[in-house]
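Heads up: the structure comes next, in structure tokens.
When a ligand or atom number is given, it counts from 1 through the structure's own listing order.
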Amino acid sequence: MSIKECKLLEFPKISDPRGNLTFIEELRHIPFKFKRVYYLYDVPGGSERGGHAHKNLHQILISLSGSFDVVIHDGIKQKKIQLNSPSKGLYIKPMIWRELKNFSSGAVCFVLASDTYIESDYYRDFEIFKKNIYLK
Ligand code: T46
């Protein structure tokens with residue numbers, strides 16, 4: 001898997017004088033069906049989250065409020081993407097290491113995930129992840 005396959009997706013945005021509305025339909029605006037949503041919030045300044053890769057899970061990360069950086073790593077190359085818009089989402093495929101940092105005050109990271117929470121789907125050790133990228 002390459003970081004090149006992790007794309008920033010742009011979702012529909014309906015704007016009118018009352019404000020903005022964004023919607024996301026599975027298999028139309030994102031390339032998978034989602035079984036779970038979760039969100040990170042009240043993240044203290046300086047905290048970092050993530051620090052793992054998934055074996056099979058597909059995810060979309062969206063900044064519903066504020067901003068934060070996502071560093072993605074495929075075992076060879078890495079890239080930093082700042083998420084700061086509720087109408088954009090970062091698609092992270094399986095076998096990509098991710099770290100979330102530089103959360104602004106009040107930032108909310110909303111996640112659409114292709115499966116339920118399965119701890120055995122995680123690589124939480126970077127060296128073990130790197131060894132396994134060649135086996136997948
Ligand atoms: C990811 C980044 C962006 C659950 O019980 N259910 C869940 O759905 C999740 C996501 C977590 N948990 C438990 C597991 C741990 O005991 O919540 C605790 C904290 O989870 P974790 O340390 O994995 O949290 P983050 O913020 O480092 O990572 C999470 C996701 O786990 C991960 O898939 O990509 O957010």
Do other residues, nucleotides or ligands put more than 12 heavy atoms under 6.0 Å from the CZ atom of Arg18?
no

If you group Ile, Leu, Val, Met, Phe, Trp and Tyr whenever their side-chain heavy atoms sit less than 4.5 Å apart, what else falls in with Leu27?
none

From the list Glu5, Gln59, His58, side chain to side chain donor-acceptor pair (under 3.5 Å) with Lys93 holds only for Glu5

Select all protein residues for which some heavy-atom-to-ligand 1 distance is less than 4.0 Å, and list them by chain and number.
Arg36, Tyr38, Leu40, Arg49, Gly50, His52, His54, Gln59, Arg98, Leu100, Tyr117, Tyr122, Arg124

Which value, rounded to the nearest 0.5 Å, describes the distance between Gln82 atom CD and Leu8 atom CG?
11.0 Å

Ser67 side chain to Asn84 backbone, donor-acceptor under 3.5 Å
no

I need the single residue from Glu25, His29, Arg28 that forms a side chain to side chain contact (heavy atoms under 4.5 Å, CB included) with Pro12. Which is it?
His29

